[in-house]
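Counting convention: from 1, in listed order, for ligands and their atoms alike. Note: hydrogens, waters and symmetry copies are ignored here, and every other heavy atom, side chains too, is used.
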Amino acid sequence: MHISYPHIRQKDPAIADALEQELQRQQQSLEMIASENFMSPAVMEALGSVASNKYAEGYPGRRYYGGNQFIDIIEQTAIDRAKALFGAEHANVQPLSGAPMNIAVYSAFCKPGDTILGMDLGHGGHLTHGHPITLSAKVYRFVRYTCDPETGEIDYDAVRQIALQEKPKIVLCGFSAYSRELDYSTFHAIAQEVGAVSMMDMAHIAGLVAGGVLRNPVPIMDIVTTTTHKTLRGPRGGMILCKAQFAKAIDKAVFPGLQGGPHENQIAALAVALKEAATPEFSQYAAQVVANAHVLCEELRAGGLRVLFGGTDNHLILADVVPLGLTGHEAETVLDAVGITVNKNVIPNDPRKPLDPSGIRIGTPALTTRGMKEPEMQHIGQLIIQLLRNPKDTTIQTTAKATVKRLTQQFPLY
Ligand code: DSN
């Protein structure tokens, strides 16, 4: 497929230039940021569609504006597909993205000052799960559990003790830099014991759940939130799945509680992505994402990186680069210089600061979308180790650039 921007080029050459350069950057580099992926042309078409022109406050069949007969079809289709794909009793597809989605859930079940129990950011949790710099942390009181950095094991007895002592209104699990499976039944049982709502943020792994490769939290947990653009490969956005008894509270919290008009172009694109995610091809994709991560993880470990949490069950690897004599920022920069994109990341109990932490986070979803498999992961893993072990060696960098060029031409994007 050839992407071009004829109308933008005519009206606004500066933006056309930047878009074309960004397209080339994506085509010509190895995208290994664990939260990024490439939408299909069909999803992109829906995202750039006329649905963007419409105001549709309310929900299908109950709108505050006229002219929503076709928008209702779009939003109801997205809802029905989300429910079918994940086995959910209720779906709200309006959250604009991950942060408002999680805030909506907090506001549905907590008053200001109430307690929420979530995973520590340094142990793989997420900024929106109550990091002190967020607005949520100013409104609610967050308490935290951690995991064993070497094995990734969560001490569920300790989580239960914290819950009994702190009496949270929400027991929250989910992550953005954790690589193991979670025991949803135990999280839910702990929430029930203390009279809390159980919540899972599956933003990173929604596509792997949809593809049947990882456990599905939806039938177990009261509330499951997810962004829609990571492993799920949809447009940027958020979605809340929940049990029927919480449907009203969630819908009210999203609109009118937190948001105004939903972005119906985003919802149309989500509907298309959910249809794609229900296909056998997508299940194969999800399985390949995890198989690729296993191979990459073993290459990185064999090359001397300290892999956190004892390995990976999903699409990502969190690795400490300090054993190779680098910081996370330096490692990110060395790889970026040859067209391999990863992000620096804090590791558990990191002695370093967030802008130059000890680790990097690496993921396989985007390269798997391009069709890369185990042999390419092995090759890329070895390349990463060579670059990190020899950060000033220009010969290795020149060879690496040539390899990136060859691989990206062999596995074209768009
Ligand atoms: N920014 C996303 C990530 O990289 O994990 C999460 O919001």
> Taking NZ, NE, NH1 and NH2 as the nitrogens, is one of them in Glu75 or Arg81 under 4.0 Å from a carboxylate oxygen of the other?
Replying inline: no
>> Using a 4.0 Å cutoff against the non-hydrogen atoms of Ser176, which atoms of ligand 1 qualify?
In response: 5 (O)
>> Assess, by modelled atom type and distance only, whether the side chains of Ser176 and His126 contain a donor and an acceptor separated by less than 3.5 Å.
In response: no
>> How about NZ on Lys54, more than 12 heavy atoms from neighbouring residues, nucleotides or ligands closer than 6.0 Å, or not?
In response: yes
> Crowded around His294 NE2? As in, over 12 foreign heavy atoms under 6.0 Å?
Replying inline: yes
>> Tell me the protein heavy atom at minimum distance from atom 7 (O) of ligand 1, and give that distance in Å.
In response: His126 NE2, 2.8 Å
> Can you tell me the protein heavy atom closest to atom 2 (C) of ligand 1 and the distance?
Replying inline: Lys230 CE, 3.8 Å
> atom 5 (O) of ligand 1: which protein heavy atom is closest, and how many Å away?
Replying inline: His204 NE2, 2.7 Å
>> For Arg361, which part has a heavy atom under 4.0 Å from ligand 1: side chain, backbone, both, or neither?
In response: side chain
>> Would you say the rings of Phe142 and Tyr106 are close, in the sense that their centroids are separated by under 6.0 Å?
In response: yes
